[in-house]
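Everything on this sheet refers to the single structure shown next.
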Amino acid sequence: MGKLALYGGTPVRTKSFPSRPGLGRTERHAVKTVLGTGVLSGFLAETGDGFLGGPRVRALEDAWCERFNVPYAVSMNSATSALYAALIACRVGPGDEVIVTPWSMSASASCVLMAGATPVFADIEPDMYGLDPKSVEKLVTKKTKAIVLVHLFGNPARLVEIERICADHGLKLIEDASQAPGAIYHNNYVGTRGHVGVFSLNYHKTIQAGEGGVAVTNIDSVAERLRLVRNHGEAVVSGSRKRLLGDSPHSDIVGGNFRLGEIPAAIAEAQLVRLDKLTAPRRTNALRISDTLAEMAPFYTVPVRRLNCSSAYYLYDVRIKESLPGMAHMALRAEGIPVQRYVRPLYYLPVFGEQIQEIREAHPEVERAYREVVVHPLVHAGMTEEDVGDVIAAFRKVYEHRREL
Ligand SMILES: *Cc1c(COP(=O)(O)O)cnc(C)c1O
């Protein structure tokens, strides 16, 4: 193989990679139909049917229940809103602690601040980057009320172990499955086992509606609270709550406007139908890359496949063991592969400032993952066999030249 592009050689890939599949005829038709009705939001902030949203919003929620085999789905205007609503629905508030991961999109932890509670950062597993149950267990105090478990990059986290901790200590489990629609954990869809599971419909996610989110739950009273948080809560229903809520007390809910519009709901419904078609190629492409890169261990460590689990491969992650951190990352980028480190650990963000004292000793795996792991999106359904071949070739080239880095 020729010289590394980093040192002036010819890059493996010079043209850009294809983008993810765009929206199709079904989505366009769905949008036109909504425009034809003129009803862009069916929500009314008053008791009665309109409290639960318009026809597209309800159709999306029904389809979501059917697809993920859950009794309740509550759409929102983002996963961030849904995470916040999930905490409020689980009665988390000031004085409570919530155990979260420091290595995720910021909303996985800032939702706790939004709810007025205190995020407590646990360490992560070295191989799949979900919360490490041993670290979580050590952080449980009398104040702990909930755990937010992120299925990072689409990989199912250690649900059984975390569920056991929740059961032992009476904690609520909120699954952040924003990156993992369609990922499977022991015959269940990820996101459907906790008290609340949250999915994102943001433009960058596997299925998208521009912006949007869905919270799912198996618990009737939690679903009710989610709907209240979404639509101005008590302010609206207090007078005639019996009609909407029966006898359950909800006097602690300050609701907002987290409602999803009819157009994004219609798009999301069409996108949901495509979920398998968009996820299957991700698995095929990721496994093909993994099979080859696994031969180059321990320089590359490929995503672990856990027994009876299946990742949705939102991003493809590789751990690189190199003597000069960052050199292989640069070499890969020079070969035309847009690899990136994942986000800075959240305890470095000023907004989480109070947590900063604990960092380095307490989160060695987060620090190591942040240093060594790169991610790229080049497993999506728009990638051809040849495109994936180029990704593999670039990784192989950097491997073969690893001593020059
Ligand atoms: C994208 C993402 C979110 C936030 O989703 P939005 O719909 O953009 O609010 C939350 N958690 C994780 C893990 C995400 O990847």
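Hydrogens, waters and symmetry mates play no part in the numbers below; they use all other heavy atoms, side chains included. We count residues from 1, following the sequence as given. Counting starts at 1 for both ligands and their atoms, in listed order.
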Do any pairs count as a side chain to side chain donor-acceptor pair (under 3.5 Å) and have a residue in residues 332-345, sequence neighbours left out, and if so which ones? Q179-Y342, E335-K397
R67: which residues meet the salt bridge (Lys or Arg N to Asp or Glu O under 4.0 Å) condition with it, sequence neighbours left out? D276
Neighbouring residues of ligand 1, heavy-atom cut-off under 4.0 Å: S78, A79, T80, S104, M105, S108, V150, D176, S178, Q179, S200, N202, K205, G212
With a sphere of 6.0 Å drawn around NE2 of H169, does it hold more than 12 non-hydrogen atoms of other residues, nucleotides or ligands? yes
What pairs of residues pass the side chain to side chain donor-acceptor pair (under 3.5 Å) test when at least one of them lies in residues 30-41, not counting sequence neighbours? none
Parallel, tilted or perpendicular, judged at 30° and 60°: which one describes the rings of Y399 and F299? tilted
The test is ring-ring contact (aromatic ring centres under 6.0 Å, His included); show your working for F352 and Y347 and say whether it passes. CA-CA 6 Å; F352 296 110; Y347 39 67; 9.3 Å; no
